Structure formats: structure tokens, C-alpha cells
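Start at 1 with the first residue, then count along the sequence. Model, not experiment: these values are computed from the prediction. In what follows, every heavy atom counts, from backbone to side chain, and hydrogens, waters and symmetry copies are set aside.
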Amino acid sequence: MADCEYHEICNRDARPGRDRCILHADDPSKDRSTFERALETHWSENGPDFRHMTFPRGHYFAAATFERGATFEGATFAERANFEGATFGVDVRFEGATFRGGANFRGALIKGQAAFQGAQFAGTADFETTVFGGEAVFRGATFGGPAHFLATAFEKDATFARCAFEEVADFEDALFAAEATLALTLFEGPALFKDVTFQEEATFAWMDARDLVHYGGATFEEASQFEGASFAGGIFGSDTTFEGPADFSDATILGASALPSATFADTAAFGEATFAGEADFRRATFEQRAGFGGATFGGRAMFEKTVFADRVDFEAARFSGEAQFDRAEFGKEVVFREATFDEKVSFGQTFLPRDVATPGERPLASFTSCTFEGNATFAGGSDHERMFSGWRVAFTDVSCGSDSRPLFQRADLGSVRWAGTNLRDLIFRNVRWQGESEGERARLRDEEVQESEDAASWAAVEQLYRDLKQNYEEQADYPRASDFHIGEKEARRQQGRISWGTRALLHMYRISSMYGERPARAALWLAGLLLAFAVGYVGLSDLPAGAGHALALSVESTFFPFQPVGFEELSARFLHQAQRVLGPILVVLLALSIRQRVRR
């Protein structure tokens with residue numbers, strides 16, 4: 001008789017007219033009693049070497065004990081394979097095994113390495129409460145039916161890289177005590193990691209999940225990698241804890257992203273991630289740096305009551321749906337540089353007052369080069385909790401669409417920089433500007449920082465004040481408009497490109513009437529001029545009627561400069577000519593100041 005094709009394994013003859021023995025024959029209908037007797041003899045004589053065997057029934061190994069290394073490499077189980085409660089004292093190998101009716105390893109104990117590379121589970125694969133004492137390797141395995149790893153313990157490294165789960169994959173309450181690798185894994189059904197604990201690094205990079213992935217209540221004690229992962233059915237991670245760095249860079253979430261109340265104790269990276277559906281980070285906590293640079297939010301982005309204890313970066317992020325940051329807490333630097341908001345965005349009761357003694361230690365909020373296409377709201381909680389108080393804020397080079405007019409309400413704008421932004425596009429209600437709390441005129445931070453390297457030009461500051469002046473005039477808030485008109489002229493006076501004549505006129509305009517905004521000052525200057533020249537006339541000429549007549553001549557010279565007086569003394573005539581020049585100028589400045597006040 002011819003030897004079996006796998007004679008080196010079984011030491012048996014092939015069946016008549018066949019090339020394999022009863023153990024290796026790939027014939028599910030072969031005589032089961034003959035198979036079972038042959039299996040018992042083989043196990044007794046050759047040990048647990050079951051490579052390439054075909055098992056017609058599945059109850060052979062329930063509660064079995066394998067003290068030696070068992071191998072089922074390339075084996076086929078025609079019915080459900082039953083290893084429930086089995087104990088493997090050392091390694092066990094199932095590389096390339098086929099489980100046509102599924103497999104039951106519920107409650108099994110595998111003390112050594114468990115190798116399932118390339119295994120195929122056509123039915124339910126049940127590993128509930130199984131303990132993997134050694135490395136668990138499922139690389140490239142295919143699960144055609146439900147896969148249950150509930151409360152499973154992986155005490156060493158667990159590898160599911162490049163696996164395919166065609167139905168639900170349930171790892172609820174599982175423990176991964178060492179590294180867990182699920183990179184490049186395909187989940188066609190729901191992937192459930194509810195309340196799972198990952199004690200070492202967990203890798204889901206470039207995972208392809210086509211249904212919901214559930215991480216609710218899971219704990220990642222070390223780094224977790226989700227780079228490039230695809231979540232077509234969305235992700236749910238309520239109360240999930242990431243104690244190590246969490247990397248979702250380049251991840252794509254086509255469904256809803258729900259991570260409410262999640263905790264990120266270390267850095268969190270969502271750079272270039274795509275949130276096609278709703279992104280829910282409400283009440284989440286980021287204790288270290290968080291990065292959303294270049295991320296895309298296709299649906300509503302919800303960050304209400306989210307806590308960012310360290311720097312958070314939304315640079316170049318795009319919010320295509322509504323964005324909500326109401327009552328979010330920002331501890332340090334907040335960067336929205338070059339971000340785009342296509343719809344409504346709300347920052348209600350965020351950027352709350354900070355009591356920082358040193359200006360350089362104040363947290364920074366940067367909206368430089370942002371684009372607002374929809375309405376934007378920046379509102380403090382009350383007059384005692386004004387937004388941006390104690391912050392450094394950059395709202396520079398901001399663009400607003402035709403339908404967008406960002407609103408600032410109950411905010412302290414004393415430390416906000418605006419260079420390059422059209423302030424006529426903004427709405428200001430119950431805000432406080434720099435200097436107002438000290439009883440001074442309202443000023444812009446941009447005017448104060450002219451000596452710094454990144455300071456805006458004086459021409460740009462002038463434009464800011466001009467826009468603000470027009471904005472407040474449209475609101476009929478004329479006292480503020482007056483302050484910003486003064487700021488506009490002050491910025492113009494500081495410019496190096498204006499001529500000396502213009503600069504001199506601006507100086508005179510400033511000294512005499514504060515650029516036409518202080519009529520009382522102009523009136524005092526005019527009264528002083530009249531008295532000063534009257535005294536001069538008394539001292540330099542022989543007036544017949546004394547001081548009264550000198551005052552009358554002074555008034556006449558100021559208001560009727562073309563009417564000659566007829567002084568004979570040269571000094572008096574010179575004094576009179578000077579008054580005929582200066583007097584009308586002060587009269588005109590007073591008239592302009594009065595006109596400005598009446599017009600407003």
C-alpha cells in the first residue's frame with residue numbers, strides 16, 4: 001500500500017485508491033468511528049500533531065489537556081470545532097486552519113503561544129473568557145461569522161494585523177496586558193471594544209472599519225495608534241480614557257464621531273483627520289497638547305464644555321458644518337490660524353477671565369487669517385466675566401464672507417490685535433476697549449505694540465481706527481466713535497511718509513482741539529489767545545481806552561482779520577499781524593469741533 005501524503009505526520013498508509021489516510025482525507029463524510037479510533041491511536045503514538053487533518057465532527061477536544069505543544073496547522077474542521085475549557089500547557093498552532101462550522105474556545109487556557117495566522121473561521125468564533133498566557137497571533141485570519149472575545153485575557157502580545165472580520169467582532173471587557181496590534185484590519189460588521197483595557201501600546205493604524213466601532217468605557221494605558229484608520233460607520237467612545245498619546249492623524253470618520261466625556265491624559269493628535277459626520281467631543285478632557293491641524297469637519301463639530309488644559313491647535317482646520325465651542329475651557333495657547341468656518345460658530349462663555357500678573361504669561365488665542373462665512377459669536381458670561389480678559393488675542397487678517405458679521409459681546413478687547421481685519425464687518429455690543437477702565441480714551445492694542453517686530457504699520461493702524469469709527473457711527477455710539485477718530489489721527493501723525501507741513505498741522509490740530517473732538521479745549525485756546533494778545537496790545541501800544549479797548553481790538557482782530565486797526569508802533573503792528581493769522585485758525589478749529597459734536 002502507498003504511504004499517506006502526510007506520512008511523516010501520521011505514519012499511516014493511504015486509503016485504497018486514495019493518496020491520504022483516514023485522518024488526512026478531506027472528506028467530511030468519511031466514517032466517523034473509524035476516524036475517531038485512528039485519531040486516538042495517532043494521539044497516543046505521535047502526540048498532538050494534527051497538521052492537515054480533516055475533522056468530520058467538532059466535539060473531540062472539549063476540556064482536553066495538551067501538556068505538549070499541539071499543532072493543527074492546515075487542519076480542517078468540517079463542523080464546529082469544540083475546544084471549550086481546553087488547556088494548552090505550551091504552544092498551540094492553528095496556522096492556516098479552516099473552521100467551516102466555527103470554533104468554540106470559550107474558557108480555554110493557552111499558556112504558550114497561540115498561532116492562528118491565516119486561519120479561516122466560517123462560522124461563529126467564540127473565544128469568550130479564553131486566557132492567552134502567551135503571544136496570540138491571528139495575523140491574516142478571516143472571521144466569516146461573528147467573533148466573540150468577550151472578557152478574553154491576552155497576557156502577552158496580541159496580533160490581529162490584516163485580519164478580516166465579516167460580521168460583528170466583540171471584544172467587550174477584554175484585557176490586553178501587552179501590545180495589541182490591529183493594524184490594516186478589516187471590520188465589515190460592528191467592532192465592539194466596550195470597556196476593554198489596553199495596558200500596553202494599541203495599534204489600529206490604517207484599520208478599515210465599515211460599521212460602527214465602539215470604544216465606550218475603554219482604557220488605553222499607553223500609546224494608541226489610529227493613524228490613517230477609516231471609520232465608515234462612525235466611532236463611539238463615550239467615557240473612553242487615553243492615558244498615553246493618542247494618534248488619529250489622517251484618520252477618516254465617515255459616520256458620526258462620538259467621544260463625549262473622553263479623557264486624553266497625554267497628547268492627542270487629530271491632524272489632517274476627516275470627520276465627515278457629526279463630531280462630538282462634548283465634555284471631553286485634553287490634559288496635554290491636542291492637535292486638530294488641517295482636520296476637516298463635514299458635519300456639526302461639538303466641543304461644548306470640552307477642557308483643553310494645554311495647547312490646542314486647529315490651524316488650517318475646516319468646519320463645513322456648525323461649530324460649537326460654548327463653555328469650552330482653554331488653559332493655554334489656542335490656535336485657529338487659517339481655519340475656515342463655513343457655517344455658524346459659537347464661542348459662548350469661552351476664553352474666560354484669567355488672573356495673570358505677567359503679560360507674557362497670558363494665554364494666547366490666535367484667529368489669524370481665519371475665514372468666517374457664517375455668523376460667529378464671541379460672548380462672555382456677564383459684565384464681570386468678560387471674554388478675553390487676561391488673554392492675548394490675535395484676530396488679524398481675518399476674512400468675513402458676505403453673510404458673516406462676527407459678534408463680540410461682553411468681551412474685554414483691550415488685548416486683541418486686529419491688523420489686516422476689516423472692523424466694519426464686525427459687531428460690538430457691550431465690549432470694553434483698552435484704556436476705558438482707567439477713564440482714558442478707547443484704544444487698540446495694535447497702537448501699543450508698534451515697537452515689536454511683528455507690529456502693523458501705522459497706516460494699517462490708521463485704517464483700523466477709521467473702520468472702527470465708521471462702525472460706531474453706524475451704531476450711533478458717538479463717544480466711542482470720537483475716541484477712534486482720535487486714534488485714527490494719532491496713527492496718521494506717527495507715519496513717517498507724511499510731509500512736515502502735514503505733520504505740523506496735525507500737531508496743531510491735536511493740541512488745539514484733539515482733532516476736533518474736544519470743543520472745550522478749542523474754546524479755551526481761543527479765549528487764551530484773545531486775552532494774551534489783549535495784554536500784548538496794552539504793553540506795546542498807547543491805547544486811549546486801556547485794557548477794555550485792547551480786549552475789543554483783540555476780538556476784532558480775530559473775528560474780522562481783514563479790517564485794519566492802525567497801530568503806529570512796529571511791535572504792536574507785528575503782534576496784530578500774528579493774531580490776524582492765528583486767530584482765524586483757532587476760530588475755524590472751534591467751529592469744526594462744534595460741528596463735529598452737533599453732527600454726532
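Judged by distance alone, with hydrogens and angles left aside, the side-chain atoms of H214 form a donor-acceptor pair with the main-chain N or O of G216 at under 3.5 Å. For the pair T203 (side chain) and A205 (backbone), a donor-acceptor distance under 3.5 Å is absent. Looking at D195, its side chain never comes within 3.5 Å of a backbone N or O of D173 through a donor-acceptor pair. Proximity of a side-chain donor or acceptor of Q434 to a complementary backbone N or O of G414 within less than 3.5 Å is detected. Between the side chain of D326 and the backbone N or O of G348 there is at least one donor-acceptor pair closer than 3.5 Å. With T142 contributing its side chain and Q120 its backbone, the two residues share no donor-acceptor pair below 3.5 Å. No donor-acceptor pair closer than 3.5 Å links the side chain of T159 to the backbone N or O of F138. The main-chain N or O of V398 is found under 3.5 Å from a side-chain atom of T421 such that the two form a donor-acceptor pair.
Salt bridge status for R337 with E315: present, with a side-chain N to carboxylate O gap under 4.0 Å. Checked for salt-bridge contact, D342 and R318 meet the test: a charged N lies under 4.0 Å from a carboxylate O. The pair E473-K469 fails the salt-bridge criterion, with no side-chain N (NZ, NE, NH1 or NH2) lying under 4.0 Å from an Asp/Glu carboxylate O. Taking a cutoff of 4.0 Å between a charged side-chain nitrogen and a carboxylate oxygen, E488 and R466 qualify as a salt bridge. Salt bridge annotation for E329-K305: absent, with no cationic side-chain nitrogen under 4.0 angstrom from a carboxylate oxygen. A salt bridge does not link K156 with E135: every distance from a Lys NZ or Arg NE/NH1/NH2 to an Asp or Glu carboxylate oxygen is 4.0 Å or more. In summary, D477 and R480 engage in a salt bridge, as defined by a charged side-chain N under 4.0 Å from a carboxylate O. Of the charged side-chain nitrogens involved, at least one lies within less than 4.0 Å of a carboxylate oxygen, so that R441 and E447 count as a salt-bridged pair.
Nearest heavy atom pair, residue S389 against residue D412, reads OG-OD2, 3.7 Å. A pairwise comparison of heavy atoms in R417 and D446 identifies CA-OD1, 3.4 Å as the closest pair. Among all heavy-atom pairs drawn from A317 and F292, the shortest one is CB-O, 3.8 Å. Here the closest heavy-atom approach between residue R311 and residue K332 is recorded as N-CB, 4.1 Å. The two residues R443 and Y465 make their nearest non-hydrogen contact at CA-OH, 3.5 Å. Considering every non-hydrogen atom in both G133 and E155, the closest pair reads CA-OE1, 3.6 Å.
Taking CD of E243 as the reference point, atom CG of D266 lies at 10.0 Å (rounded to 0.5 Å). Here the straight-line distance linking atom CE of M207 with atom CZ of F187 works out to 6.0 Å at 0.5 Å rounding. Rounding to the nearest 0.5 Å places CD of E166 at 11.0 Å from CZ of F143. Q117 CD to E95 CD: the interatomic distance, rounded to the nearest 0.5 Å, is 4.5 Å. Interatomic distance, CZ of F242 versus OH of Y215, reported as 8.0 Å (0.5 Å rounding). Atom-to-atom distance recorded for S404:OG and K344:NZ is 12.5 Å, nearest 0.5 angstrom.
Using a 4.5 Å cut-off on side-chain heavy atoms (C-beta onward), L468 and L423 make contact. Taking 4.5 Å as the limit, some side-chain heavy atom of C400 sits within range of a side-chain heavy atom of P406. N430 is listed as a side-chain neighbour of R386, based on a closest heavy-atom distance under 4.5 Å. Contact annotation: the side chain of T185 approaches that of F165 to within less than 4.5 Å [non-hydrogen atoms, C-beta and beyond]. F160 has its side chain within reach of F149: a pair of non-hydrogen atoms, C-beta onward, lies under 4.5 Å apart. Annotation: side chain of F220 is not in contact with side chain of T197 (no heavy-atom distance under 4.5 Å). A 4.5 Å side-chain heavy-atom check between L182 and F193 finds at least one atom pair inside the cut-off.
Between F341 and F372, the ring planes are parallel. Angles under 30° get that label, and only those over 60° would be called perpendicular. Taking the six-membered ring for Trp and thresholds of 30 and 60 degrees, F226 and F204 have nearly parallel ring planes, at less than 30 degrees apart. Taking the six-membered ring where the residue is Trp, F281 and F264 present tilted rings, their angle falling between 30° and 60°. Between F116 and F132, the ring-plane angle classifies as perpendicular under the 30° and 60° cut-offs. Note: F484 and Y472 have tilted aromatic rings, judged against thresholds of 30 and 60 degrees for the angle between ring planes.
Aromatic pair F325/F336: ring centres closer than 6.0 Å.
Other residues, nucleotides and ligands contribute more than 12 heavy atoms inside 6.0 Å of the CZ atom of R432. When the shell of 6.0 Å around CZ of R405 is examined, it contains more than 12 heavy atoms from other residues, nucleotides or ligands. Residue R410 places its CZ atom among more than 12 non-hydrogen atoms of other residues, nucleotides or ligands, all under 6.0 Å distant.
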